[in-house]
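Notes follow the structure.
The sequence lines fix the lettering, A, B, ..., with proteins before strands; numbering per chain opens at 1. Every heavy atom of this structure was used, including side-chain atoms; hydrogens, water molecules and symmetry mates were not.
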There are 2 protein chains.
Amino acid sequence: MRFSKTTEYAIRVMIYLSQHNTQRLSVQSLHKILRIPYKYLARLMRQLAHAGLVTVTQGKEGGYSLNRELNSIYLYQIVGVIEGLDSMDRCILGFSECNDAFPCSLHTSWEPLRSRIKEMMYNTTLLELQQQGEKI
Amino acid sequence: MRFSKTTEYAIRVMIYLSQHNTQRLSVQSLHKILRIPYKYLARLMRQLAHAGLVTVTQGKEGGYSLNRELNSIYLYQIVGVIEGLDSMDRCILGFSECNDAFPCSLHTSWEPLRSRIKEMMYNTTLLELQQQGEKI
DNA sequence: CATTATTACCACCTTTCGGTAGTAATATAA
DNA sequence: TTATATTACTACCGAAAGGTGGTAATAATG
Ligand code: SF4
Ligand code: SF4
């Protein structure tokens, strides 16, 4: 019952970037600060850039920074880039062909929790997280 | 944001067993009904037996059945056998050295949800699930 | 006792995830 | 223009999760 490690990394990076918004940060520095394996992080940053969540500047003095306003980057988008958005709609028992009309035994217990999680992800932006103050 | 596939299998089997309580079911039949890979399921059943959640009868006509009263088998125990119990206490960002006193940005949003999930797992027994009626 | 349906055990295979290494491209700065 | 600090790309490596196969042990049934 968890995010993939890569998703965790992505969230941490994005929160860090939001706390140092306007700055341009190299993979080197992010790697040192967040202690995420350098090469792996480098690839992750490219993914985030490709998905349009961060801006890249190449060459010396280059690096990454947030691409949009803090209040327009939602948690679900970050998760979506890595795990795909359907990961949050996924049935807890892994069934694909299922509907609320004919639910299994667990559904009653699980569905309310799942929709709360989803709701949170769809309502939380980096702005809220940034305002919670610094740590990571 | 999900259980491991193996955990899903385990929950499905346990729910099925609870809906056919008192019966003794072979891996063969469970495999056919639940469409879980035979050999993988066989190993899983041994794990569940080893953990004391089900009873084994060896030899011809043998198989598995629940080991205890429906209302004494909790969801968290099933998850615990496969993923370990700490999977539910785990920080959403994968940090190990963390406390509520100095939480990170996400904590405020995540902690309430996590504790609800945990609460559900610790309060739901197979009896409740079985009473929800049959399907799987 | 022989046959058969089952679980037990062990070794291996495949896929996915996390991580590493090296080299090319790019842009800044001296 | 050369050295340097960066990202881009690609291929590979290792560990863990998921899945398969073969054979031995066990017990019921004819
Ligand atoms: S009814 Fe059960 S199987 Fe279907 S989506 Fe809900 S939890 Fe999953
Ligand atoms: S404060 Fe943040 S890092 Fe710590 S347990 Fe909570 S979510 Fe995880």
Given C/dT7, C/dT28, C/dT26, which nucleotide is nearest the side-chain atoms of B/Gln58?
C/dT7

Would you check, one step at a time, whether the test salt bridge (Lys or Arg N to Asp or Glu O under 4.0 Å) holds for A/Arg2 with A/Glu8?
CA-CA 9 Å; A/Arg2 51 167 293 203; A/Glu8 289 171 0; 3.5 Å; yes

Rounding to an integer number of Å, can you tell me how far A/Leu48 CG sits from D/dA8 C1'?
15 Å

Provide, to the nearest angstrom, the distance between the CG atom belonging to A/Leu41 and the P atom belonging to C/dA21.
16 Å

Which nucleotide in the list D/dT20, C/dT6, C/dG18 gets nearest to the side chain of B/Ser26?
C/dT6

Looking only at side-chain atoms of A/Pro37, point me to the closest of C/dG19, D/dA8, D/dA5.
C/dG19

Report the distance from atom CD of B/Glu8 to atom P of D/dG19, rounded to the nearest whole Å.
10 Å

In terms of the angle between their ring planes, are A/Tyr76 and A/Tyr122 parallel, tilted or perpendicular, with boundaries placed at 30° and 60°?
parallel

Proximal nucleotide (of D/dT4, D/dT7, C/dA11) relative to the A/Tyr64 side chain
D/dT7

Send over the distance from A/Gln28 CD to D/dT7 P, rounded to a whole Å.
8 Å

Rounded distance [0.5 Å steps], CG in B/Leu48 versus CG in B/Leu66:
10.0 Å

Contact nearer the 5' end of DNA chain C, comparing A/Arg2 with A/Gly59:
A/Arg2

Does A/Thr6 make a side-chain N or O approach to OP1 or OP2 of C/dG18 shorter than 4.0 Å?
yes

Over how many whole Å does the gap from B/Arg46 atom CZ to D/dA24 atom C1' extend?
12 Å

Given D/dC9, C/dA29, C/dT6, which nucleotide is nearest the side-chain atoms of A/Lys39?
D/dC9

To the nearest angstrom, how far is A/Leu44 atom CG from D/dC9 atom P?
15 Å

B/Leu30 atom CG is separated from C/dT7 atom C1', nearest whole Å, by 13 Å

Scan B/Asn123, B/Asp89, B/Leu113 and name whichever one has a side chain to side chain contact (heavy atoms under 4.5 Å, CB included) with B/Lys118.
B/Asp89

Side-chain atoms of B/Tyr9 come closest, of D/dG19, C/dA29, C/dT4, to D/dG19

Given atom CZ of B/Arg43 and atom C1' of D/dG22, what is their separation to the nearest angstrom?
14 Å

If you only use heavy atoms from C-beta on, which nucleotide in D/dA5, D/dG18, C/dG18 is closest to the side chain of A/Lys60?
D/dA5

Quick one about B/Tyr64 and B/Ser26 (side-chain donor to acceptor, distance below 3.5 Å, no hydrogens or angles considered), yes or no?
no

